[in-house]
Structures are given as C-alpha cells and as structure tokens.
Amino acid sequence: MDEAAALAADQVARPSDFIREFVEEDLRTGKSCGRVATRFPPEPNGYLHIGHAKAICIDFGIANQYDGTCNLRYDDTNPVVEDVEYVDAIEADIRWLGFQWASLHYASDYFESIYEFACLLIRKGLAYVDDLDEEQIREYRGNFYVKGRESPFRDRTVDENLELFKAMREGAFADGAKVLRAKIDLNSQNMNLRDPLLYRIKHAHHHRTGNDWCIYPMYDFAHPLSDSLERITYSICTVEFEAHRPLYDWFIEKCDAFPSRQIEFARLNLTYTVMSKRKLLQLVQQNRVTGWDDPRMPTLAGMRRRGYTPEAIRAFCERIGVAKNDSVVDVALLEHAVREDLNRRSPRMMAVLKPLRLVIENWPEGETWDIQAPNFPEDPSHGTRTLPFSKVLYIERDDFKEEAVKGWFRLSPGAEVRLRYACLVRCTGVVKDPATGEVVELRATMDMDSKGGNSPDGRTVRGTLHWVSVMHAVDAQVRLYDRLFNVENPNASNPGCPQSFLDFLNPDSLEELPCCKVEPALASVAPGERVQFERIGYFCADSKDHSPSRPVFNRTVGLKDSWARAERKGKDSLKAKGVGDPALNSGPALFAAAVVNAGESSVPVAAPGQSGASVQALADFKPLAAQITIDDFAKIDLRVGLVKEAGLVEGAKKLIRLCVDVGEGHLRTVFAGIRAAYPDPAVLVGRRVIVVANLKPREMKFGLSEGMCLAAGEPETGLFVATFDGEARPGDKVS
RNA sequence: UCUCCGGUCGUCCAAUGGCAGGACACAGGAUUUUGGUUCCUGUUAUCGGGGUUCGAAUCCCUGCCGGAGAACCA
C-alpha cells in the first residue's frame with residue numbers, strides 16, 4: 001500500500017508532456033527567474049475551433065499549473081484579412097472554455113516599438129530596403145536546390161536604408177514598391193533565413209490603428225518581439241512554425257530583446273472532421289452549414305450550441321496529450337469525453353422521437369396517474385418531477401417489431417415490457433391502416449399489480465420502454481446531428497482523382513424531427529439546458545430557437561447502443577458470410593448453429609464439417625430467418641471434460657446423465673440423448689469428452705443441464721459421444 | 001533531388017539504458033426499472049537491418065515510411 005502510494009505520487013510528480021518538462025527544467029535551474037508566462041495568439045480572422053481549444057488548454061493550462069500568467073494577444077499584423085467581428089467571439093469562447101487571460105494585448109499596440117527594432121537592425125547593418133518586386137524576390141531567393149542571389153539593393157548604406165524606411169512609413173511609396181528585409185543568409189537550406197521580409201507597404205485600414213500606418217510588420221518579425229515585449233517565457237505554437245524558430249531566435253538576439261523561447265507541438269486532427277480555417281469558412285460561405293455556430297461545426301461556438309460542455313472539451317484535451325507526432329485523434333474519444341461529463345450532470349427526461357400510439361385497454365378512460373419520477377434515478381437526492389400517465393400513450397416506433405428476432409426484448413405481439421417508472425404491459429393487438437398496412441396503434445393490457453414497474457411475482461421483464469402520455473404530451477422539434485463527413489479523413493486527396501473535401505459531406509448529418517412528443521417538464525427547460533432523453537441520448541435546448549411554446553432540442557451525442565451495434569454486426573457478418581442467402585448456405589455450419597440457437601436441445605449434435613446422420617437431416621431442415629449468425633456459432637466455447645460419473649436417467653427413454661469435470665473446481669451435470677449407444681453409461685467414466693461450456697444452464701424435467709457433449713455417428717450405428725484419451729486436462733480449450 | 005521534424009497496441013499518449021503502461025475503441029462477463037451507467041476480465045504495439053551494452057523502445061550507423069519547408073499569410 002505504501003509502495004502503491006509512493007508510486008502514485010511519483011506518477012503525479014512527473015511532468016505530463018515534453019513542454020512541461022522544459023518548464024520544470026527551467027524552474028529547477030532558475031532560468032527566467034522561476035517565472036512562467038505564456039500567451040495565446042489568435043489571428044482575428046475566424047472562429048476558434050477544437051484545435052484552438054487544444055492550444056488554449058496548453059497555454060493557459062501550463063500558466064495555471066505553474067502559477068504563471070497567460071496573455072491573450074491578437075496577432076493583427078495583416079489588416080486586409082482581419083476583422084473586429086471575430087474579436088468578441090474569440091474572447092467569449094475562451095471564457096466559456098473556462099480560462100481568463102492575465103492581460104489582453106494586440107500586436108498592433110506594439111507597432112511603434114517594432115518599428116524601432118527595425119531601425120535598430122538597419123543601424124546594425126542587418127536590414128535593408130529592397131526595391132525588387134514580389135516576383136523578383138521570389139526568383140532571387142532560389143529554391144531548395146538552387147542557392148539564392150543577392151538583391152542589387154542589398155548593400156545600401158545604413159543612412160540610405162534609414163531614410164528610405166522612414167519614407168516608407170510616411171507613405172511615400174505605393175503598395176509593393178519597397179520592402180524591408182533582414183540580411184541573413186541567402187544560402188541557407190532554411191528558406192526562412194534567405195533574407196526574410198520584415199515590413200511591407202499596405203495602404204489599408206486597420207481595425208485598431210486605423211490609417212496611422214501604411215507599413216505593417218510580418219508575422220516572423222512581429223511575433224518574437226511581441227512575445228519579448230510581454231516577457232513571455234514560453235511561446236508555444238504548432239509544428240508548422242518549427243522552421244521559423246531559427247528566425248525567431250535571430251530577431252531576439254539581434255534586437256537584444258527578452259529571450260522568449262518558442263516550443264512547438266503537433267496540431268490536433270480529428271477523424272471525420274476538417275479543421276482548417278479556410279475549409280470551415282468555405283462551409284459557412286457556401287451554406288453547407290447554417291453558420292459558424294452550426295452544431296455540426298468543430299468550432300467552439302458550434303460545439304457549445306450542440307451541447308458540449310467546457311469540462312468535456314478540457315478533459316478531452318487532457319487525454320489526447322501533447323507531443324510532436326503528426327496524429328489523427330479518433331472522434332470517438334471526444335464523444336466519450338462528452339458522454340462521461342453529461343452522464344453525471346444531465347437530469348433524465350422522457351421524449352418520444354418517432355411516436356406510436358399505445359392504448360392501455362384496462363386503464364379507465366380519462367383517468368390520470370401522476371407519477372413522481374426521479375430526475376437522477378441513481379441519486380434520488382436530486383428530486384423528482386411529475387410524470388402523468390393515462391390510457392393512451394406514445395412509445396417509440398422503433399421499440400416495436402411485429403416479428404421479434406433473436407435477442408429482441410422490446411415490444412412485439414404477445415410480449416411483455418416495462419413502461420419506465422410506470423408498470424408492466426403486454427401487447428395484445430396491432431392496429432393497421434387497412435390501405436397501407438402501416439402499424440398505427442398498439443393495444444395492450446397492464447398488470448394492475450405492477451405499478452411502479454416491479455413484477456408482483458418476481459418474473460423477469462427485460463425490456464423497459466420510455467413513453468409519454470398523449471393527452472399531456474408537448475410537441476417538440478428535435479434535431480439529430482451526426483458527423484459532417486462520412487469518411488475518416490475528408491482532407492485526403494488522391495493525385496489520380498482530385499476530390500474536394502466537400503465531396504465527402506455526409507448528406508445525413510442533420511435529421512430534423514418536427515413532431516416529437518416530450519414529457520411536460522421538458523417545456524420549461526431554459527435555452528442551452530442539457531438533459532438526457534432516457535434510452536436515446538444527450539440533448540440540449542437550442543440556444544437560439546428553443547422556447548417554452550416551441551421547444552427545440554439538439555442531440556449532442558447518442559447513448560451507446562449495444563443493441564444497434566449487435567444488429568449492425570449481425571447484418572455485416574451475414575453479408576460477409578453469405579448467410580441469409582439460401583444459395584450460398586453451407587449445410588453443416590448452419591445446421592449446427594440452428595441447434596445452438598434453439599438453445600434447449602440436450603441432444604448432442606454433429607461437429608461442423610462431419611458427415612453423417614445429422615447432416616442428412618438437412619434435407620428437411622428449414623433455415624431460420626436471419627436470427628443467428630456464423631459469429632454466434634464462433635462464440636461456442638468448447639472445453640475438454642473428464643467424465644467422473646455416468647448413469648441412466650430414470651423415466652427417460654433416451655437420456656443418460658454425465659457428471660463432467662471441466663476444470664472449474666466443481667462438476668457439471670450434462671444430459672445426453674444417446675442411451676441407445678450407451679446402454680451402460682459407466683463405460684464413459686474416465687473418458688475425455690468435448691463439452692460446449694458456455695450455454696445457459698437449461699432446466700429440464702430431470703434436472704439442470706449445464707452444457708452439451710459433442711457427438712457424431714453414422715445412420716446405422718446411431719450417435720456416439722466424441723471421446724478421446726491423452727494428455728488434455730479438464731477445462732482445456734478445444735479449437 | 002535538398003533541409004528540418006517525427007515513427008510504440010486499431011487510435012492517442014507514457015516508459016528519459018533495467019518487468020513496454022494508461023485512455024479510447026473492440027471482445028467477453030457481472031450488476032441494472034435506460035440494450036445507458038458502474039464493475040471485472042481479455043485481445044492487440046516498439047518501422048526494417050546492422051552496431052554499442054550484462055541489458056536498447058531509448059544511444060550510434062543505415063535504409064524505409066509520414067509530416068513540414070521556396071506567401072509582400074499567420
């Protein structure tokens with residue numbers, strides 16, 4: 001226990017990623033005076049998305065963890081693409097995520113200082129005004145294989161440069177006529193070092209500085225100096241900026257500025273999602289979505305409207321970790337994070353999305369029963385609300401099947417289910433539209449002694465359905481959101497067939513259900529409030545369109561649905577194996593599976609692939625509907641069993657009883673209908689047999705049978721249990 | 001073709017020369033008045049080849065694969 005505690009402490013003490021490792025190393029060695037200062041530097045030209053959330057959690061998270069500060073700084077050095085519209089949205093998103101900046105800045109606030117730094121570089125002979133135009137600069141710069149050439153203006157004197165740069169600032173030149181460049185290394189393999197641009201001329205209106213400036217610094221120049229001016233210790237950014245780091249360091253060194261340090265991590269990619277601002281903007285502009293806050297967008301505004309919580313997003317960011325590998329995170333992890341959070345905070349309510357009438361025949365007309373239903377069934381301390389029950393209810397259309405299939409324990413003719421919090425009902429009739437054959441109503445009788453939902457006699461009722469009283473139901477619109485793209489990587493572009501990410505848009509990403517029926521309590525939830533619709537998923541009242549008179553709910557994420565998964569899997573495996581298509585069925589396997597499906601036969605069956613009497617029986621064997629699959633058959637657990645006792649069964653003509661050791665520490669009783677072959681079952685004692693070990697124990701007339709023995713034989717000789725001798729121990733797996 | 005960065009379960013992240021571990025996903029089971037939740041169990045990985053070392057995911061060499069890089073964008 002002490003050891004475990006020490007181990008746990010040890011794990012907590014270790015930094016959780018390589019950035020925190022740098023931070024702790026610096027803290028240990030006293031670098032930067034034990035101070036931690038970070039910044040989050042968005043460009044105000046788009047909405048924040050889940051990828052930014054990762055960066056925000058790192059920037060603010062590290063500052064918080066080490067008692068440091070994190071500033072919000074808008075990187076607004078390019079007036080032509082930036083807009084105030086985004087500034088407010090960005091601040092709202094960061095606050096919503098749960099973070100507060102130490103101070104708010106704009107790179108544009110530093111324009112004067114940055115200008116002074118540029119003059120300093122000129123005076124040091126490290127920057128020059130170049131008259132080459134855009135294309136010429138590109139040409140002179142060379143490429144990965146060709147060295148760069150010096151501009152003819154590279155050797156202007158300091159005075160000339162100073163004068164020209166001043167003239168640039170004063171508006172003496174047209175856009176593009178001149179630029180200020182750093183004098184570094186035209187032969188560097190790092191293209192960023194081939195005399196990068198420091199300033200360009202743009203006679204443009206800036207959202208903050210107005211028309212004060214007509215020259216604007218480039219990101220590479222402005223960013224390190226802005227960091228430095230704010231005395232940022234860790235300038236954390238994504239890996240695309242890695243090649244810019246030598247430049248970042250060069251500017252700081254040559255300007256004698258505070259030594260901020262740039263550290264890069266891998267940006268977030270998510271399956272079924274696009275993350276680039278350009279693509280998100282395209283979705284908005286082409287009306288593929290309703291806006292930046294469309295609940296299908298990976299923007300924070302969209303996720304908020306969808307019902308995501310900041311806690312869930314932060315937990316997600318913590319779990320994906322921080323590294324430099326180029327990676328794609330499974331969106332299932334995000335969904336897990338939001339389910340985990342919503343599960344513990346959402347009250348449970350009932351809503352019927354696709355209503356089907358259910359009439360309780362033995363319930364008095366017009367009478368209402370007010371049920372007090374718990375808001376959090378697992379924690380009654382959170383109170384109840386009134387849930388009215390009456391003669392006619394709505395249940396979910398998907399909860400009824402006219403023909404029950406294997407494993408179906410919802411409603412079907414004759415079947416009994418529980419109505420959540422109410423009672424047990426048995427389906428007694430189906431009313432169909434005579435014209436279309438569509439089921440329009442179900443009839444049922446209720447067990448009057450089952451009020452509350454418990455069976456009076458202890459009988460098990462596996463299915464529990466949600467429902468809403470017709471006369472009390474409230475109409476609501478429900479919007480079912482699904483992933484926006486139907487391929488894992490919508491960014492993929494094959495050279496052969498150039499496809500746009502737009503080609504991968506999921507046409508079913510939004511299903512609108514206009515006529516849902518919800519319980520009365522749901523009419524009074526506030527916009528933005530989150531609830532669980534029992535058995536369906538997590539929903540939130542739409543922040544824009546919801547009102548008590550016209551409730552609108554957005555699905556945040558569905559509940560895990562193991563029935564849907566099993567159904568899907570069954571279909572897939574049927575398709576894959578050709579089961580269900582009689583022409584493709586292979587006899588023995590289906591036969592054996594059919595017997596297993598029956599689940600009640602104590603008659604030994606032939607092992608698949610073996611020929612003999614059992615296989616011949618196939619001729620008159622009618623394949624079952626698609627209820628069982630090859631996969632079901634593959635689940636059979638075959639074990640070696642050692643026969644300890646064997647005897648006849650009194651009163652049965654065909655049965656013998658075996659007591660078999662399957663290595664479980666106790667003996668299993670197995671009945672086998674092969675008395676004809678073993679008039680004296682005692683010969684089986686001490687023999688090893690093959691037992692199907694994972695069948696549900698079956699209550700028979702003569703006792704409980706806890707398995708089956710494999711048997712085979714010829715028509716003339718009858719069936720014999722498959723026995724063998726040798727080394728195998730009881731309980732060994734047979735494959 | 002050049003330079004830089006990266007390569008560990010299906011996915012994401014750990015292991016800092018000493019038992020390859022966690023989460024998600026998947027599979028099985030228990031509990032359950034949500035086919036939910038919770039709990040238990042299980043399957044699965046160090047890109048290849050050399051070398052150094054008592055010992056290599058980790059260090060060295062080499063090959064392969066992925067990402068980034070030639071905006072007056074950030």
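Residue numbers begin at 1 in each chain, while the letters A, B, ... track the order of the sequences.
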Q | Heavy-atom protein contacts under 4.0 Å, nucleotides 35-42 of chain B, coded B base, S sugar-phosphate only, - none | A | BBB-----
(Q) I want to know whether A:Tyr248 and A:His244 have ring centres closer than 6.0 Å. (A) no
Q.
If I pick the C1' atom on B:rU32 and the same atom on B:rG36, what distance separates them, to the nearest angstrom?
A. 10 Å
Q) Would A:Arg530 and A:Thr556 count as having a side-chain donor-acceptor pair, cut-off 3.5 Å? A) no
(Q) Heavy-atom nearest nucleotide on RNA chain B for A:Val328 versus A:Ala332: which residue maps closer to 5'? (A) A:Val328
Q: Rounded to the nearest 0.5 Å, what's the gap from OG on A:Ser226 to NE2 on A:His223? Could you check?
A: 7.0 Å
Q) For RNA chain B, whose closest nucleotide is more 5', that of A:Pro41 or that of A:Val239? A) A:Val239
Q. Taking A:Asp83 for the side chain and A:Asn45 for the main chain, is one N or O donor matched with an acceptor at less than 3.5 Å?
A. no
Q.
Using the six-membered base ring of B:rA70, report whether A:Phe144 stacks on it, requiring centroids under 5.5 Å and planes under 30° apart.
A. no
Q. Could you state the CD-P distance from A:Glu488 to B:rC24, rounded to the nearest angstrom?
A. 19 Å
Q: Taking atom P in both B:rA74 and B:rG66, compute the distance separating them and give it to the nearest angstrom.
A: 31 Å
Q) Hey, does the side chain of A:Ser327 come within less than 4.0 Å of B:rC13's phosphate (OP1/OP2), counting only N and O? A) yes
Q. Any idea which of B:rC12, B:rC72, B:rA70 is nearest the A:Val329 side chain?
A. B:rC12
Q.
Applying a 4.0 Å non-hydrogen cut-off, can you work out what A:Glu43 is touching in the nucleic acid: base, sugar-phosphate, or nothing?
A. sugar-phosphate
Q: With heavy atoms under 4.0 Å as the rule, sort A:Asp133 into base, sugar-phosphate or nothing.
A: base
(Q) For a quick check of understanding: with a heavy-atom distance under 4.0 Å over all strands, which category does A:Leu132 fall into, base, sugar-phosphate or nothing? (A) base
**Q.** Among B:rC72, B:rG69, B:rC5, the nucleotide that comes nearest once only the side chain of A:Glu242 is considered
**A.** B:rC5
(Q) Going by purine N1 to pyrimidine N3 plus the second Watson-Crick contact, or the G-U wobble pair, all under 3.5 Å, which nucleotide sits opposite B:rU8? (A) none
(Q) How many whole angstroms separate atom CD of A:Glu240 from atom P of B:rG66? (A) 19 Å
Q | C1' spacing across the pair B:rA56 / B:rU46, given as an integer number of angstrom | A | 11 Å
Q. In whole angstrom, what separates A:Gln189's CD from B:rG69's P?
A. 15 Å
(Q) Base, sugar-phosphate or nothing for A:Asn454? Non-hydrogen atoms, less than 4.0 Å. (A) base
Q) For B:rU32, what is the paired nucleotide under Watson-Crick or G-U wobble rules, both distances under 3.5 Å? A) none
(Q) Which nucleotide wins on minimum distance to the side chain of A:Arg200, given the candidates B:rC2, B:rC73, B:rA70? (A) B:rC73
Q. Watson-Crick or G-U wobble partner for B:rG69, using a 3.5 Å limit on both distances?
A. B:rC2
**Q.** Qualifying salt bridge (charged side-chain N to carboxylate O under 4.0 Å, His left out) pairs, either residue in residues 187-207 of chain A, two or more places apart
**A.** A:Arg154-A:Asp195
Q) Taking atom P of B:rC12 as reference, at what distance in whole Å does atom CG of A:Leu333 sit? A) 11 Å
Q. If you look at every strand shown and take non-hydrogen atoms under 4.0 Å, does A:Asp326 touch a base, only sugar-phosphate, or nothing?
A. sugar-phosphate
Q: Could you tell me whether A:Arg410 sits above the aromatic face of A:Phe400, with NZ or CZ closer than 6.0 angstrom to the six-membered ring centre and within 45 degrees of the axis?
A: no
Q: In whole angstrom, give me the gap between the C1' atoms of B:rA57 and B:rU3.
A: 27 Å
**Q.** is_close_aromatic(A:Tyr538, A:Phe533), centroid dist under 6.0 Å
**A.** no
Q) What interatomic distance, in whole Å, is found between P of B:rC65 and the corresponding atom of B:rU1? A) 10 Å
(Q) Please check this pair: side chain of A:Arg535 against backbone of A:Thr464, looking for a donor-acceptor N/O pair closer than 3.5 Å. (A) yes
Q: Would you kindly give the CG-to-P distance between A:Asn325 and B:rU46, to the nearest whole Å?
A: 17 Å
Q) Under 4.0 Å between a side-chain N or O of A:Thr77 and OP1 or OP2 of B:rA74? A) yes
**Q.** Selection from B:rC24, B:rC73, B:rC2 that lies nearest to any side-chain heavy atom of A:Arg319
**A.** B:rC24
Q | Atom-pair distance (NZ on A:Lys324; P on B:rA14), nearest Å | A | 12 Å
Q. Given the C1' atoms of B:rA14 and B:rU58, what is the spacing between them in whole Å?
A. 13 Å
Q. Can you tell me how far the CG atom of A:Leu186 sits from the OH atom of A:Tyr140, to the nearest 0.5 Å?
A. 11.5 Å
Q: Round to the nearest Å and state the distance from A:Asn190 atom CG to B:rA70 atom P.
A: 10 Å
Q: Please give the nucleotide sitting opposite B:rA74 as a Watson-Crick or G-U wobble pair, both distances under 3.5 Å, or none.
A: none
(Q) Please name the nucleotide paired to B:rC26 by Watson-Crick or G-U wobble geometry with both distances under 3.5 Å, or report none. (A) B:rG42
**Q.** Base partner of B:rA20, which must satisfy Watson-Crick or wobble distances under 3.5 Å
**A.** none
Q.
Can you identify which nucleotide, out of B:rA70, B:rA74, B:rC72, has its nearest atom closest to the A:Phe241 side chain?
A. B:rA74
Q) Expressed as a whole number of Å, how far does the C1' atom of B:rU52 sit from that of B:rC61? A) 11 Å
Q.
Give me the distance, rounded to whole Å, that separates B:rU44 from B:rG50 when you measure between the C1' atoms they each carry.
A. 28 Å
Q: Name the nucleic acid region contacted by A:Lys277, choosing base, sugar-phosphate or nothing; use a 4.0 angstrom heavy-atom cut-off, strictly under.
A: nothing
Q: Could you check if a side-chain atom of A:Tyr308 sits within less than 4.5 angstrom of a side-chain atom of A:Ile313, using non-hydrogen atoms only?
A: yes
Q.
Looking at B:rC24, I'd like to know if its phosphate oxygens (OP1 or OP2) sit under 4.0 Å from a side-chain N or O belonging to A:His336.
A. yes
Q.
Base, sugar-phosphate or nothing for A:Val461? Non-hydrogen atoms, less than 4.0 Å.
A. nothing
Q. Reckon A:Tyr199 touches a base, only the sugar-phosphate, or nothing at all at heavy-atom distances under 4.0 Å?
A. nothing
Q: Measure from NE2 on A:His244 to C1' on B:rA70 and round the result to the nearest Å.
A: 11 Å
**Q.** Under-4.0 Å side-chain N/O to phosphate OP1/OP2 contact, A:Lys202 with B:rC73
**A.** yes
Q | A:Arg181 charged N/C atom sitting above A:Tyr128 aromatic ring, 6.0 Å / 45° | A | no
Q: Under 4.0 Å between any heavy atoms, over every strand shown, what does A:Ala323 touch: base, sugar-phosphate, or nothing? Just pick one.
A: sugar-phosphate
Q: Identify the nucleotide, in any strand shown, that forms a Watson-Crick or G-U wobble pair with B:rU53, with both distances under 3.5 Å; if there is none, say none.
A: none
